[in-house]
Amino acid sequence: MTETPRNGEYDDWLDSIEDGEGYYVECDEGHGWLPPRRVCPDCGSRELHDEPLPDSGEIVTHTTITVATPQFEDDAPYVTAIADFGPVSITGLVRGVDPEDVSMADVVGIEVGERETTGERAVVFRPR
Amino acid sequence: MTDPRIAGAGVTQFGKHPERTGRDLFAEAGLEALDQSGVDPDDVEALYYGNFMGELAEHQGHQGPLMAEAIGVDAPATRLEAACASAGAAVREAVKTLRNGEADVVVVGGAERMTNIGTAVATDALAIAADDLFEVRAGMTFPGAYALMARAYFEEYGGSHEDLAHVAVKNHEHALVNEHAQIQKEISVEDALEAPTIAAPLGLYDSCPITDGAAAAVLTTDEYAEEHGLDAPVAISGTGQGGDNLALQDRPHLARTPAADKAAHEAYADAGIEADDVDVAEVHDCFTIAEVLAIESLGLFESGEGIHAATEGTTTRHGEMPVNLSGGLKAKGHPVGATGVAQLATIAWVLDGSHPRADAVPDGTVGVAHNAGGTVASTTVHVLEVKE
């Protein structure tokens, strides 16, 4: 089987999280984004640089998905959440806790896990 | 400047038609629109066509010329894709083409075939409207995305799943007399609350069905309608479009829809109206929470108040501001690429009195259609007015 090409900057970003050196992209006006970015969508600045991703984030919304797509059928039910890391918010799968125990404002760390169904990498949040 | 007239419209029966091809669905809607309009097909100068997932569901790209051929129109055809707002975007292009004088008569429409690929694969296909890298790979589905918005809304403004259940009950009731509607079934608040969860807190009855269908309308300039003696009292007087970050995580607010705010402001300014002037609305209720967000963005209710509108009865057919008299996407169905024109057809029929729910707005002269794509990253709003 042919190997799927990497999604360049996205996979590099996952590598950085795996290596404990997660980062985000910040413009010279202080707006934060996830890579790849060549221009800040908020202010149009092209002066972008990498900054260390904060060590933890806070869940701002979450859902337990019971009816999944084929790509996630063996993962279901699973929790997808958006966590606010300060300069950026990130979407990830919440692992290491029962779905019913996930709450707003939970503090989570970020790591890279695998989808049960396909084995592909995914952003994972674990409660602190 | 012309306010394009809606000379005729056609909508197929929305529902599960897995063996019907998109080209035949669109032919049915388009030919009905042409027949209703009384326009000579040779006068049609362009087709603007909405479709989202034809490549995935039918292995068919480049659908514009195919659909023009299907309705017997020899004119340039352009397919527009803005996820679920594809047909709304098509209407906007059609309006601009008539206003700028490039054409006197155009057909606008859309179609989607979805049930042939099954619910799970259709859910997967729909998800490509989200950010693949940062959302889909983290498990996002569209029920999941709107569930995230619902929870954020409850956190910021209050409200409950029961309030959302009232939206579902209302729209199902509205659909009971709509011959085009996929679900003509009355439900109770209890039914909605007890239905299986799909993405917490949203359940089966918070979600629109997977739908096959098509819709089309014939639009003409004022001058053409008058010159040809067309019976076309309803005009599109305002058009607006707004955009937002694709991914939910990149937005400052998860409980608002700024793209729809922008589209509404633009459409109202274009039409010279204010929210208070609106008599009736068809909005994008792909999930119950989406209707709440929509009616707030349209300025019909304040932020945080839209959640109570169905519970209090304001948005029912007996209320002061009927919303989704067609049954909405929730009960009428949501063939993605067709929805924006089906909404337009509904408002036109309500305002001209021919819709089975027209009695809800007996003196209505202004309607709005709100069509949203993705998690409201694209939105179009159109204002329709009686111009007789």
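The sequence lines fix the lettering, A, B, ..., with proteins before strands; numbering per chain opens at 1.
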Side chain, backbone, both or neither of B/Leu254 within contact of chain A (heavy atoms, under 4.5 Å): side chain
Minimal non-hydrogen separation, A/Pro70 against B/Ala120, with atom names: CD-O, 3.3 Å
Nearest-0.5 Å distance that lies between atom CZ in B/Phe134 and atom CD1 in A/Ile90: 8.5 Å
Contact winner vs chain A - B/Pro201, B/Ala199, B/Gly139, heavy-atom pairs under 4.5 Å: B/Gly139
Chain B/chain A interface donor-acceptor pairs under 3.5 Å:
from, atom 1, to, atom 2, distance (Å)
B/Asp124, OD1, A/Gln71, NE2, 2.8
B/Asp124, OD2, A/Gln71, NE2, 3.3
B/Leu133, O, A/Tyr10, OH, 3.3
B/Ala138, O, A/Thr80, OG1, 2.7
B/Gly139, O, A/Tyr78, OH, 2.5
B/Leu148, O, A/Thr61, OG1, 2.6
B/Arg151, NE, A/His62, O, 2.4
B/Arg151, NH2, A/His62, O, 3.4
B/Thr197, O, A/Thr66, OG1, 2.6
B/Ile198, O, A/Thr66, N, 2.9
B/Ile198, O, A/Thr66, OG1, 3.0
B/Ile198, O, A/Val67, N, 3.2
B/Ala200, N, A/Thr63, OG1, 3.2
B/Ala200, N, A/Thr64, O, 2.9
B/Ala200, O, A/Thr63, OG1, 2.6
B/Gln249, OE1, A/Thr91, N, 2.8
B/Gln249, OE1, A/Thr91, OG1, 2.7

Neighbour count above 12 (heavy atom, 6.0 Å) for B/His308 NE2: yes
Separation between CD1 of A/Ile82 and CG of B/Leu148, rounded to the nearest 0.5 Å: 5.0 Å
